[in-house]
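Heads up, the thing below is written out as structure tokens.
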Protein chains: 2
Amino acid sequence: MTTETGNPKDHTPCLSTNFLKETDWSVLSSREFQLLNENVTCSEYGVGEYIFYEADPCKGLYLVKSGLIAVKKIDIEGEQVILRLANPGDTLGYRPLLAGEQHRAGAEVIKAASICFLPMAIMRQLLISNHELGAGFLKRTAQALGEADNRFFEAVSLPARVRLIHLLMILRERCGSLIDDGSLFLELPLTRRDMASMLGIRPESLSRLVREIENEGLAHFSGSKITISNPASLLRELDAGLHQL
Amino acid sequence: MTTETGNPKDHTPCLSTNFLKETDWSVLSSREFQLLNENVTCSEYGVGEYIFYEADPCKGLYLVKSGLIAVKKIDIEGEQVILRLANPGDTLGYRPLLAGEQHRAGAEVIKAASICFLPMAIMRQLLISNHELGAGFLKRTAQALGEADNRFFEAVSLPARVRLIHLLMILRERCGSLIDDGSLFLELPLTRRDMASMLGIRPESLSRLVREIENEGLAHFSGSKITISNPASLLRELDAGLHQL
DNA sequence: CGCCAGGTTGATTTCGCTCAAGCAATGTGG
DNA sequence: CCACATTGCTTGAGCGAAATCAACCTGGCG
């Protein structure tokens with residue numbers, strides 16, 4: 001069903017302290033960092049490859065060095081629902097590890113990625129030796145829970161159009177740039193299909209929404225590039241459906 | 001808008017070690033338990049009262065001794081969406097506390113409740129003095145995240161009917177009993193409106209689904225009492241929409 | 001060049017919502 | 001004790017948003 005190119009074989013310890021500085025791992029001592037780096041296995045993944053599948057046992061964590069990964073579930077008809085994206089610096093698979101469960105979602109590579117695997121046993125060791133690490137993941141998990149609750153809430157109480165606008169505004173932080181004249185430019189690393197999966201709608205419906213917004217002159221879509229001439233008007237529409245950010 | 005009866009005033013330390021034995025707090029030492037009990041403020045809440053509101057600052061935790069609480073969000077049209085229920089033994093407000101956020105949902109009493117408040121400062125102290133406590137909440141939060149992801153997934157990929165059946169099967173664990181002849185009996189502590197809010201649909205739609213299922217002879221609904229003559233057939237329908245439990 | 005995947009568009013259907021009325025159970029005041 | 005609101009639930013008629021089904025672009029690539 002999916003392309004299975006590339007091979008996750010090279011075994012070079014490859015985490016720079018630099019890279020980890022801005023992540024959950026920044027609290028590690030240099031000794032702990034060494035333990036981490038000695039036990040990590042780095043691999044390259046091509047687009048379409050899976051890092052792990054739904055219902056797989058959780059064997060450890062995956063640190064995303066580069067690329068983009070979609071965490072998704074598949075329904076009975078084979079349709080995909082994307083739960084979240086993982087960007088460089090993010091850690092994958094920590095939820096099942098901490099919950100003591102198996103994976104409840106799969107992770108598919110969307111943009112060619114470089115990823116380091118950390119076996120569960122080492123992670124447990126680190127969690128015991130460094131309580132700040134656990135505290136960090138605790139905070140992150142609690143925040144993720146808030147976002148997940150919010151996704152459910154929006155899915156059942158907001159029309160697809162407002163959810164699309166919200167998604168664009170969230171993506172703005174990572175993929176957006178402000179242009180001279182105050183207009184907003186986005187270049188999304190997502191296909192239409194992926195965006196639809198994040199919204200929980202069909203690609204056809206997304207297509208229609210895009211066209212509708214385009215026709216209203218609120219934004220201009222060209223492939224994965226989006227120009228929003230008047231961000232304020234979209235934000236106003238968003239506020240009409242939300243109370244908080 | 002809501003009835004504001006009862007008064008949360010009495011200040012009796014009221015947590016029995018017995019009660020906490022089966023909760024997240026069982027890992028406390030007797031010294032820590034004493035600290036907990038000395039700083040806890042117990043109150044009685046009547047149906048319809050709020051324990052905290054959406055966007056309130058998080059001042060601490062609430063331990064549910066008895067009763068039933070609905071954690072909910074309200075959309076712009078005033079419609080409610082119930083995110084989860086809190087039963088005796090559950091702790092409320094730990095997510096915002098651990099995430100360092102304000103409340104992102106309100107907590108309304110559904111069945112008259114007895115609830116103990118624990119100030120944030122004491123909780124932080126306990127988290128530092130007893131790492132097992134943090135580990136327990138970490139696990140619980142990670143599990144809750146899995147369930148929240150699943151709710152979103154179901155909301156966008158399953159029809160309301162299947163979600164209703166799933167809800168009944170989840171409620172079975174707490175509100176159900178098996179009758180002699182293999183049929184299943186449920187007595188729900190929820191109004192129709194509450195059930196609809198949990199499914200993210202309107203009460204009218206729920207009413208129609210109930211009638212439909214009743215007409216098919218799959219179950220008999222009478223007020224909050226439900227008799228399911230052939231649970232297997234409902235479970236089969238559920239499996240047709242899910243792969244995992 | 002022909003193929004194919006990703007995207008768009010149109011026609012139609014369907015599921016759940018809205019609006020409105022009706023009904024039973026409960027409560028309240030005269 | 002009865003007349004009358006109130007509340008929770010159900011039912012019906014009509015509507016609308018998104019899904020479905022099917023055709024048709026479009027651009028990249030062997």
Side-chain angles (χ1 to χ4, degrees), chain A residues 1-3 5 46-48 70 75-82 108 110-111 154-165 167 188-215 219-226 237 241, chain B residues 1-3 5 46-48 70 75-82 108 110-111 154-165 167 188-215 219-226 237 241:
Chain A
M1 173 165 252
T2 59
T3 59
T5 58
V47 172
D75 74 13
I76 203 71
E77 276 112 20
E79 285 303 327
Q80 311 191 325
V81 177
I82 294 182
E108 183 184 358
I110 280 186
K111 214 174 78 188
E154 293 192 6
V156 302
S157 68
L158 294 181
R161 174 178 166 125
V162 181
R163 272 148 58 207
L164 168 59
I165 294 175
L167 178 60
L188 304 182
L190 299 167
T191 64
R192 286 285 136 98
R193 168 165 292 279
D194 288 334
M195 252 201 285
S197 297
M198 294 186 74
L199 297 169
I201 62 177
R202 305 285 144 178
E204 298 97 313
S205 300
L206 175 58
S207 215
R208 286 181 234 278
L209 287 175
V210 163
R211 176 165 232 274
E212 186 181 294
I213 291 176
E214 175 110 36
N215 283 342
H220 177 246
F221 297 76
S222 149
S224 58
K225 296 181 180 60
I226 308 176
E237 186 172 337
Chain B
M1 173 163 257
T2 59
T3 60
T5 59
V47 172
D75 73 12
I76 202 72
E77 275 110 22
E79 284 303 326
Q80 311 191 324
V81 177
I82 294 183
E108 185 185 356
I110 279 186
K111 215 175 76 188
E154 294 192 6
V156 301
S157 68
L158 294 181
R161 173 175 167 130
V162 180
R163 273 147 57 207
L164 168 58
I165 294 175
L167 177 61
L188 304 183
L190 299 168
T191 64
R192 286 284 135 99
R193 170 164 291 279
D194 288 335
M195 252 201 285
S197 297
M198 294 186 75
L199 296 168
I201 62 177
R202 304 285 144 179
E204 297 98 314
S205 299
L206 176 57
S207 215
R208 286 180 233 281
L209 288 176
V210 163
R211 175 165 230 273
E212 186 182 294
I213 291 176
E214 175 111 36
N215 283 343
H220 178 245
F221 297 77
S222 152
S224 58
K225 295 180 181 60
I226 308 176
E237 186 171 337

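Heavy-atom basis, side chains included; hydrogens, waters and symmetry copies ignored. Residue numbers start from 1 in every chain, and the chains themselves are labelled A, B, ... in the order their sequence lines are given, proteins ahead of strands.
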Task: Rounded distance (Å) that lies between atom C1' of D:dA18 and atom CD of A:Glu212 - done: 12 Å
TODO: For B:Arg193 and D:dG8, give me the distance from atom CZ to atom P, rounded to whole Å.
DONE: 8 Å
Task: Qualifying residues under side-chain contact (heavy atoms from CB on, under 4.5 Å), relative to A:Ala160, sequence neighbours excluded - done: A:Arg163, A:Ile201, A:Leu209
Open item on the list: In this structure, how many angstroms lie between the P atom of D:dG8 and the CZ atom of B:Arg192, rounded?
Closed with: 14 Å
Task: Nearest-0.5 Å distance that lies between atom CG in A:Leu199 and atom CG in A:Leu164 - done: 5.5 Å
Task: Qualifying residues under side-chain contact (heavy atoms from CB on, under 4.5 Å), relative to A:Ser207, sequence neighbours excluded - done: none
- [ ] Mind listing the closest non-hydrogen atom pair of B:Ile110 and B:Pro189 along with its distance?
- [x] CG2-O, 3.5 Å
- [ ] Measure across B:Glu108 and B:Gly48 and return the closest heavy-atom pair with its distance rounded to 0.1 Å.
- [x] OE2-CA, 3.5 Å
Task: Of residues 194-201 of chain B, the positions that come close to DNA chain C - non-hydrogen atoms, cut-off under 4.0 Å - done: B:Gly200, B:Ile201
Task: Length of the NZ-C1' vector between B:Lys225 and D:dG8, whole Å - done: 16 Å
Task: Partners passing side-chain contact (heavy atoms from CB on, under 4.5 Å) against A:Arg192 (at least two apart in sequence or in another chain) - done: A:Met195, A:Leu206, A:Val210, A:Phe221
- [ ] With sequence neighbours excluded, tell me which residues meet salt bridge (Lys or Arg N to Asp or Glu O under 4.0 Å) with A:Glu214.
- [x] none
TODO: Go through DNA chain C in 5' to 3' direction and return only the first and the last nucleotide with some atom under 4.0 Å of chain B's heavy atoms.
DONE: C:dG16 to C:dC19
TODO: Send over the distance from A:Arg202 CZ to D:dA17 P, rounded to a whole Å.
DONE: 19 Å
TODO: Determine: side-chain N/O of A:Arg161 to OP1/OP2 of D:dA17, distance under 4.0 Å, yes or no.
DONE: no
Open item on the list: When you compare the side chain of B:Gln80 with that of B:Arg193, does any pair of heavy atoms fall below 4.5 Å?
Closed with: no
Task: Under the salt bridge (Lys or Arg N to Asp or Glu O under 4.0 Å) test, residues paired with B:Glu237 that sit two or more places apart - done: B:Arg161
Task: Set of residues satisfying side-chain hydrogen bond (donor to acceptor under 3.5 Å, both in side chains) with respect to B:Glu204, sequence neighbours excluded - done: none
Task: Integer-rounded Å distance: D:dG8 C1' and B:Leu190 CG - done: 14 Å
Task: Rounded interatomic separation in angstrom, taking CG from A:Leu206 and C1' from D:dA19 - done: 14 Å
Task: With A:Ser224 via side-chain contact (heavy atoms from CB on, under 4.5 Å) - residues at least two apart - done: A:Glu187
TODO: Report yes if some heavy atom in the side chain of A:Asp75 is under 4.5 Å from a heavy atom in the side chain of A:Val81; otherwise report no.
DONE: no
Task: Nearest heavy atoms of B:Ile82 and B:Asp194, plus distance in Å - done: CD1-O, 3.6 Å
Task: Divergence of helical axes at both termini of the helix from C:dC1-D:dG30 to C:dG30-D:dC1 - five pairs an end, 10° steps - done: 20°
- [ ] Find the distance A:Arg163:CZ to D:dA17:C1' and express it as a whole number of Å.
- [x] 11 Å
- [ ] Mind checking A:Pro203 for me? I need base, sugar-phosphate or nothing, with any heavy atom below 4.0 Å counting as a touch.
- [x] nothing
Task: Nucleotide-resolved protein contact map, nucleotides 21-30 of chain D, B/S/- at heavy-atom distance under 4.0 Å - done: B---------
